Number of protein chains: 2
Amino acid sequence: MSIETDIKQKKFRSPFQKLALNLVYTTKWLEYKQLESFKEHDITPQQYNVLRILRGQQGNPIKVGDITERMLDKSSNTSRLVDKLLAKNLAKRTSCESDRRAVDVVITEEGLELLKVLDPFIEDWENRFNIISEAEAEQISALLDKLRENENQA
Amino acid sequence: MSIETDIKQKKFRSPFQKLALNLVYTTKWLEYKQLESFKEHDITPQQYNVLRILRGQQGNPIKVGDITERMLDKSSNTSRLVDKLLAKNLAKRTSCESDRRAVDVVITEEGLELLKVLDPFIEDWENRFNIISEAEAEQISALLDKLRENENQA
DNA sequence: TGCCAATAGATGTTTCTACATTAAATGTAT
DNA sequence: ATACATTTAATGTAGAAACATCTATTGGCA
């Protein structure tokens, strides 16, 4: 359905306003859909994001601050997210020896297993995007990158 | 900056995964930027969304449920959002005579004035999107609409 | 009419977010 | 070496979101 129909707005100030609204609307839609898979496994999108970052480390520990840097939502309180993962035995936390302020985090075997269970659901959602071509997906990605470029403009 | 650099991930499973991550990341970025303008006027993005819907009514009352339908984030608790707007004297609420379960909401003069103050900030953000062409913006919008189409697919 | 399901919105509760503050460890300049 | 700013993470707190439940009203139908 077109964004016009979905939010029942016929006119937009410009194609840019329409795009801004469509970005927010489509992302909420995507997050809501993925949330359904996450809920079944008692995990939040943010916790999932952390788990994926931990897995990406391939066994190497990563500091809390470095996790934050890689997150999609950098305003998250990573410290508390890691707490939640610890409580569920999905991650381990050890204090870093070279810098005792820092904390090293690694994913547990149980965390890896949970990701294995979730992977097909997420991949399924991503694959539904193949209603557009790979080239189109790449093109949108490139344009989104461009949109964020002029962050510090006037 | 490219999404690869921003979230420090070099490889993606597919252009579709990259697009999904980029959508979430770019939308968070946009929301965060707009939040700065909202905060100064003691309003949340959701409250702003409601105010814009009310203004779009051009004086006609709208029911709480119909507001929800038009919102970008339909999982919001519109009842409480309207409470907040009432408390700030930005909206008025009267019970609907034809259906006493329903509630009619209209924007106040003060609400309209707040929107007038906020408009330039939001427009400024939308206009920064003109780093891409209008045609490109329309094209992305169309592709986003397409992505949401296969919602009920296998 | 009387009964029951459906609808509209309000409210309760738990969890999460945003933001500020705190505490400990480190780096740096004198 | 000491003092002070900086960094790193944890914690406190108010408010918001997510989700379920409740209340009032309406609609349908036996």
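All of these numbers come straight from a predicted model, not from anything done at the bench. The chains referred to below are lettered A, B, ... by the order of the sequence lines, with proteins before strands, and numbering in each begins at 1.
Comparing A/S98 and A/S75, the nucleotide of DNA chain C nearest to each residue sits closer to the 5' end for A/S75. Along DNA chain D, the nucleotide nearest to B/Q47 and the one nearest to A/L35 differ in position, and the one closer to the 5' end is contacted by B/Q47. Heavy-atom nearest nucleotides on DNA chain C were determined for A/R80 and for B/T78, and the one closer to the 5' end corresponds to B/T78.
Atom CD1 in A/I67 sits roughly 14 Å away from atom C1' in D/dA10 (whole-Å rounding). Distance NZ (A/K88) to P (C/dT15): 11 Å, rounded to an integer number of Å. A/K39 has its NZ atom 10 Å from the P atom of D/dA18, to the nearest Å. Distance B/L81 CG to C/dA10 P: 11 Å, rounded to the nearest Å. Rounded to a whole Å, the CG atom of A/L72 is 13 Å from the P atom of C/dT17. Atom-to-atom, CD of A/Q34 to C1' of D/dA18 comes out at 18 Å; the value is rounded to the nearest Å. Put simply, CG on B/D83 is 13 Å from C1' on D/dA16, counting in whole angstrom units. Note: CD1 (B/I62) to C1' (C/dA8) measures 14 Å, nearest angstrom.
The cluster map of Ile, Leu, Val, Met, Phe, Trp and Tyr, joined by side-chain heavy atoms under 4.5 Å apart, puts A/I122 and B/L23 in different clusters. Both A/V103 and A/L51 are part of a single hydrophobic cluster, where members link through side-chain heavy atoms under 4.5 Å apart.
Heavy-atom neighbours of A/E36 CD from other residues, nucleotides or ligands within 6.0 Å: above the threshold of 12. Counting non-hydrogen atoms of neighbouring residues, nucleotides and ligands closer than 6.0 angstrom, the NZ atom of A/K63 reaches no more than 12 such neighbours.
The phosphate of C/dA8 (OP1 or OP2) has no side-chain N or O of B/R100 nearer than 4.0 angstrom. For the OP1/OP2 pair of D/dA17 and a distance below 4.0 Å, the side-chain nitrogens and oxygens of B/Q46 include at least one atom meeting the criterion. Phosphate proximity of D/dA10 to A/S79: present, with a side-chain N or O under 4.0 Å from OP1 or OP2. Considering only side-chain N and O atoms, A/R93 lies under 4.0 angstrom from the phosphate OP1 or OP2 of D/dA10. B/K84 has no side-chain polar atom (N or O) that falls below the 4.0 Å cut-off from OP1 or OP2 of D/dG15.
A salt bridge links B/E31 with A/K28: the distance from a Lys NZ or Arg NE/NH1/NH2 to an Asp or Glu carboxylate oxygen falls below 4.0 Å. Salt-bridge annotation for A/K18 and A/E4: present, with a side-chain N of the basic residue lying under 4.0 Å from a carboxylate O of the acidic one.
Between B/H41 and B/F121, the ring planes are tilted. Angles from 30° to 60° get that label. The aromatic rings of B/W125 and B/W29 lie perpendicular to each other, with more than 60° between the two planes, well past the 30° mark.
Nearest to the side-chain atoms of A/N77 among the listed nucleotides D/dT11, D/dC19, C/dA18 stands D/dT11.
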Base, backbone or nothing for each nucleotide of nucleotides 3-8 of chain D, written B, S, -, heavy atoms under 4.0 angstrom, 5' to 3'?
----BS

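Residue contacts shown for A/T44 are limited to sugar-phosphate atoms, with no base heavy atom under 4.0 Å away.
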